[in-house]
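Each remark here refers to the structure printed beneath this line.
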Amino acid sequence: MRNDPRPAHVPEPLPDVFDPALAPPELKKEGSAWFAVFSKNVPQRRLDVDLVHTFEHDSIVSCLRFSADGKYLATGCNRSAQIFDTKTGAKTCVLVDKTSTWLGDCYIRDVCFSPDGKYLVTCGEDKKIRIWDIAKECIRSILDGHQREIYTLDVSKDGRLLVSGSGDGTAKIWNLETGKHITFSAPNPPPTDEGVTSVAISPDGRLVAAGYLDTYIRLWDVETGRYMGGLMGHKDSVYSVAFTPDGKGLISGSLDQTSKHWDLTPLVSRGADGRGHEGLKEETRYERCPCTANFTGHKDYVLSVAVTHDSQWAVSGSKDLGVRFWDLRTGQPQLMLQGHKNSGLLYLCILCAE
């Protein structure tokens with residue numbers, strides 16, 4: 001990904017409903033190293049927040065992810081992944097590949113638990129995907145195939161498939177039983193330096209979405225590998241994508257300082273007949289999946305997005321240090337949370353366990 005890229009489009013500044021200097025005491029909540037501001041435009045507060053744990057690390061934390069049951073949190077750092085107990089805050093495991101011959105820093109860019117919590121998948125700057133046996137604290141297998149650093153990955157809910165995205169401009173889907181993979185292709189593919197920054201598998205396992213540096217979001221059918229179409233609307237690179245729990249919507253975050261909600265219903269319903277979108281012009285595909293909400297207010301890049309399991313809230317994390325909660329029904333911001341001191345990278349994960 002770019003080294004501190006500057007956005008090509010900067011939205012006009014708007015009055016900030018979350019300015020802590022202007023918020024009255026009843027709309028603020030503070031701890032020793034964090035604060036939250038609630039929107040004055042929301043008559044009834046539907047969210048609350050408290051700091052539960054602070055997990056200390058010796059290096060930059062570049063990614064994180066909850067296990068499916070919410071009992072553990074995995075983080076990726078320089079040359080290591082670490083796992084914490086979310087109830088006690090205790091570190092339970094440190095995973096390091098002591099056989100690696102990579103010289104210098106080698107940050108893990110993404111982590112993902114298997115659905116049963118027995119394995120952790122990691123990817124990073126050395127172009128390898130490692131599958132770790134957590135109980136044994138050892139590598140079960142290594143997947144090779146990308147030509148440049150790997151930024152992002154996701155595991156299907158049934159644990160059979162893994163999708164990865166890389167700076168080489170490709171997204172790949174892997175069979176975790178055989179280790180084999182296919183590379184997704186699309187009409188008018190981006191230049192090889194326009195890498196894949198974020199990938200996600202839909203909850204039903206039918207679709208893969210990938211966000212690209214060239215501002216596009218592209219989607220494929222998992223079973224056939226067929227290109228299904230894409231989403232165009234961001235003014236700068238897309239850095240994060242996340243499906244809604246029903247699989248009919250997608251949230252995206254971009255360096256244009258916005259996040260968006262996309263209605264995938266036309267694409268999902270058309271894809272059910274197996275025909276895909278090959279016969280349609282590129283711009284026609286995009287028009288079939290409209291952007292139904294544009295979330296604005298962040299003062300810097302939106303680097304990560306997530307959706308709560310009840311589909312009520314979209315959450316966006318930004319280089320401006322803030323995490324914002326948006327009501328998916330109304331598109332209105334509800335809450336801004338801030339607690340981190342360094343804006344080098346902000347990565348969000350939402351506990352999706354019921």
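If you read the sequence from its start, that first residue is 1, and numbering goes on from there. All values below were derived from every heavy atom in this structure, side-chain atoms included, with hydrogens, water molecules and symmetry-related copies excluded.
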If we only count heavy atoms from C-beta on, is the [X] to [Y] side-chain gap below 4.5 Å?
X: D48; Y: F38; value: yes
X: S164; Y: I129; value: yes
X: L95; Y: L120; value: yes
X: K40; Y: P24; value: no
X: F295; Y: H261; value: yes
X: L264; Y: L219; value: yes
X: T170; Y: H146; value: yes
X: I134; Y: T92; value: no

Practice item. With F243 as reference, evaluate V307, L207, V208 under the side-chain contact (heavy atoms from CB on, under 4.5 Å) test and give the passing residue. Key: L207
Would [X] end up clustered with [Y] when hydrophobic side chains under 4.5 Å apart are linked, directly or stepwise?
X: I108; Y: V94; value: no
X: V37; Y: V42; value: no
X: I60; Y: W102; value: no
X: Y107; Y: V96; value: no
X: I182; Y: V199; value: yes

Review point. What residue among H298, Q338, K299 forms side-chain hydrogen bond (donor to acceptor under 3.5 Å, both in side chains) with D320?
Key: H298
Does the [X] side chain pair with the main chain of [Y], one donor and one acceptor, at a distance under 3.5 Å?
X: D256; Y: K235; result: yes
X: R148; Y: D126; result: no
X: S114; Y: G159; result: no
X: T86; Y: G70; result: yes
X: Q334; Y: W326; result: no
X: S67; Y: Y72; result: yes
X: R140; Y: D133; result: no
X: S198; Y: V241; result: yes
X: Q82; Y: S80; result: no
X: T197; Y: V238; result: yes

Do [X] and [Y] get their side chains close enough for a donor-acceptor pair, meaning under 3.5 Å?
X: T183; Y: K172; answer: yes
X: H234; Y: T215; answer: no
X: W132; Y: T122; answer: yes
X: K260; Y: N294; answer: yes

**Study point:** Heavy-atom pair with the smallest gap, counting every atom of S62 and C77
**Key:**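 Distance-wise, the nearest heavy atoms are OG-N, 4.3 Å.
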Exercise for review: Quick one: closest heavy-atom pair of A242 and A306, and the distance?
Suggested key: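 Distance-wise, the nearest heavy atoms are CB-CA, 4.2 Å.
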Review point. Stepwise, does the salt bridge (charged side-chain N to carboxylate O under 4.0 Å, His left out) test hold for D110 with R65?
Key: CA-CA 8 Å; D110 208 354; R65 189 97 61 139; 3.3 Å; yes
Point to revise | cation_pi(R218, Y212) dist<6.0 Å, angle<=45 | key: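 Yes, a cation-pi geometry.
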**Study point:** Aromatic contact, H57 with F55 (centres under 6.0 Å)
**Key:**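 Not under 6.0 Å, so no.
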Exercise for review: Check whether the ring centres of W313 and F325 lie less than 6.0 Å apart, and answer yes or no.
Suggested key: no
Exercise for review: Look at R109 together with E125 and state whether they make a salt bridge at an N to O cut-off of under 4.0 Å.
Suggested key: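 Judged by the 4.0 Å cut-off on N to carboxylate O distance, R109 and E125 do form a salt bridge.
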Point to revise | Electrostatic pair K29:D50 at N-O distance under 4.0 angstrom | key: yes
**Study point:** salt bridge (charged side-chain N to carboxylate O under 4.0 Å, His left out) evaluation trace for D144 with K127
**Key:** CA-CA 7 Å; D144 284 300; K127 301 177 279 189; over 6 Å; no
Check your understanding: Within a radius of less than 6.0 Å around CD of E26, do more than 12 heavy atoms belonging to other residues, nucleotides or ligands occur?
Key ->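 It does: E26 CD has more than 12 such atoms within range.
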Check your understanding: Run the salt bridge (charged side-chain N to carboxylate O under 4.0 Å, His left out) check on K71 and D85 step by step: do they pass?
Key -> CA-CA 6 Å; K71 294 181 178 180; D85 185 308; over 6 Å; no
Exercise for review: Please lay out, stage by stage, how D204 and K248 fare under the test salt bridge (charged side-chain N to carboxylate O under 4.0 Å, His left out).
Suggested key: CA-CA 10 Å; D204 61 6; K248 297 179 181 179; over 6 Å; no
